[in-house]
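In what follows, a single structure is set out as structure tokens and then discussed.
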Amino acid sequence: MGGDTSGREPTVLAFSPAGRLLVLLGPAVAGVVLAVLAPILARWLVDVHFPVLGVVWRVVASVDTWWKVAVQAAILAVLGALASVEIVRRSTRVTVGAGEVRLETGDRVVALTRPQIDFVFMDGSFLVILDRESRQLFHGEPQAESGPLERTFTEYGYPWSDEDPFTGLYQPWVPETGLLPVAVEAVLSARAVALRKKAAREAAELRDSLEKLGYAVRDDGGRQLWRPLVRS
């Protein structure tokens, strides 16, 4: 744990200058490069009679004049720019202070006081904050890397964990095994549908519903893992 940080200004954890540049320009630049190189590669594949996706390569190879390449590059650059906007919109700016953690994701702001927070850890690329009942207070993709996050939370005296402290309690969800109450089964079934549809907001709302029923859930690839809530 860190020393006395009561008089210290909050620390903001966001994209580094290089990281922000990569996020803002990377997808658009990649789109332009793809627009220029793809027709060249496609023409070579057509010439050597590459046996896979032959029709696709012929269509791409037909982009054979500068203005066609320019139009394709403009389209892919715009798509790349939209991807950048989406990355920024869904990523979280984290502000850590002695008495509060502030998490800003797009227009959504979550403010958590120090007494509310019992565990902080990374789950892959996601930052997770749990309360004393092991309920999930926050789950999102931070703009900062895990190293600066761990260092800052520890310096301010927050309980950082190297992994989910309740990993050993999770079980794979298998429908209709009789291990769970009917209401919990129904929510997990609905959430499985939301995950297949990639409906992230609906899946998050159903996660909250499960916690109200006394259970936590996490995702492992396409599987849902569940555990009962635990008071620390």
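Source: prediction; values computed, not measured.
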A side-chain contact here means heavy atoms from C-beta on lying under 4.5 Å apart; do L137 and V110 qualify? no

I need the minimum non-hydrogen distance between Y156 and G97, along with the two atoms involved. CD2-C, 3.5 Å

Among all residues two or more places apart in sequence or in another chain, which pass the side-chain contact (heavy atoms from CB on, under 4.5 Å) test with A144? L13, L149

Residues L34 and P39: closest non-hydrogen pair is O-CD, 4.2 Å

Which atom names give the shortest non-hydrogen contact between Q136 and R207, and what distance separates them? NE2-CD, 3.1 Å

Restricting to pairs with a member in residues 100-112, which pass side chain to side chain donor-acceptor pair (under 3.5 Å), not counting sequence neighbours? T92-T105

Find out whether W44 and D47 are in side-chain contact, i.e. whether some heavy atom of one side chain is under 4.5 Å from a heavy atom of the other. no

Enclosure of E145 CD (heavy-atom neighbours >12, cutoff 6.0 Å): no

Between atom NZ of K212 and atom CZ of R135, what is the distance when rounded to the nearest 0.5 Å? 11.0 Å

Mind checking whether D162 and E150 have side chains closer than 4.5 Å, heavy atoms only? yes

Pairwise side-chain contact, L127 with M122, heavy-atom cut-off 4.5 Å (strictly under): yes

What's the shortest heavy-atom distance between L180 and W173, and which atoms? CD1-CD1, 4.0 Å

Same cluster or not: are V96 and V128 linked, directly or through other Ile, Leu, Val, Met, Phe, Trp or Tyr residues, by side-chain heavy atoms under 4.5 angstrom apart? no

Donor on one side chain, acceptor on other, S91 and Q143, under 3.5 Å: yes

Does atom NZ of K68 have more than 12 heavy-atom neighbours from other groups under 6.0 Å away? yes

Steps toward side chain to side chain donor-acceptor pair (under 3.5 Å) verdict (T152, E155): CA-CA 5 Å; T152 302; E155 286 174 355; 4.9 Å; no

Could you check if a side-chain atom of D123 sits within less than 4.5 angstrom of a side-chain atom of F121, using non-hydrogen atoms only? yes

Report yes if the side chains of V55 and R58 come closer than 4.5 Å at any heavy-atom pair, otherwise no. yes

Salt bridge check: are R191 and E202 linked by an N-O gap of less than 4.0 Å? no

Classify the ring geometry between F153 and W160 as parallel (under 30°), tilted (30 to 60°) or perpendicular (over 60°). tilted

Is any side-chain heavy atom of D118 less than 4.5 Å from a side-chain heavy atom of D131? no

What closest approach, in Å, do A61 and A42 show between heavy atoms, and which atom pair accounts for it? N-CB, 3.7 Å

Please evaluate residues E133 and R231 with respect to the criterion salt bridge (Lys or Arg N to Asp or Glu O under 4.0 Å), reporting the C-alpha separation (whole Å), side-chain torsions for both, the decisive distance (0.1 Å), and the verdict. CA-CA 4 Å; E133 303 284 347; R231 181 175 179 82; 2.4 Å; yes

Does Y158 have R114 sitting over its ring (NZ/CZ under 6.0 Å from centre, angle to axis within 45°)? yes

Tell me whether S16 contacts the main-chain N or O of G19 through its side chain, where contact means a donor paired with an acceptor under 3.5 Å. yes

When every non-hydrogen atom of P172 is compared with those of L225, the smallest separation belongs to CA-CD2, 3.5 Å

Determine whether T95 and V101 make a side-chain contact, defined as any pair of heavy atoms from C-beta on separated by less than 4.5 Å. no

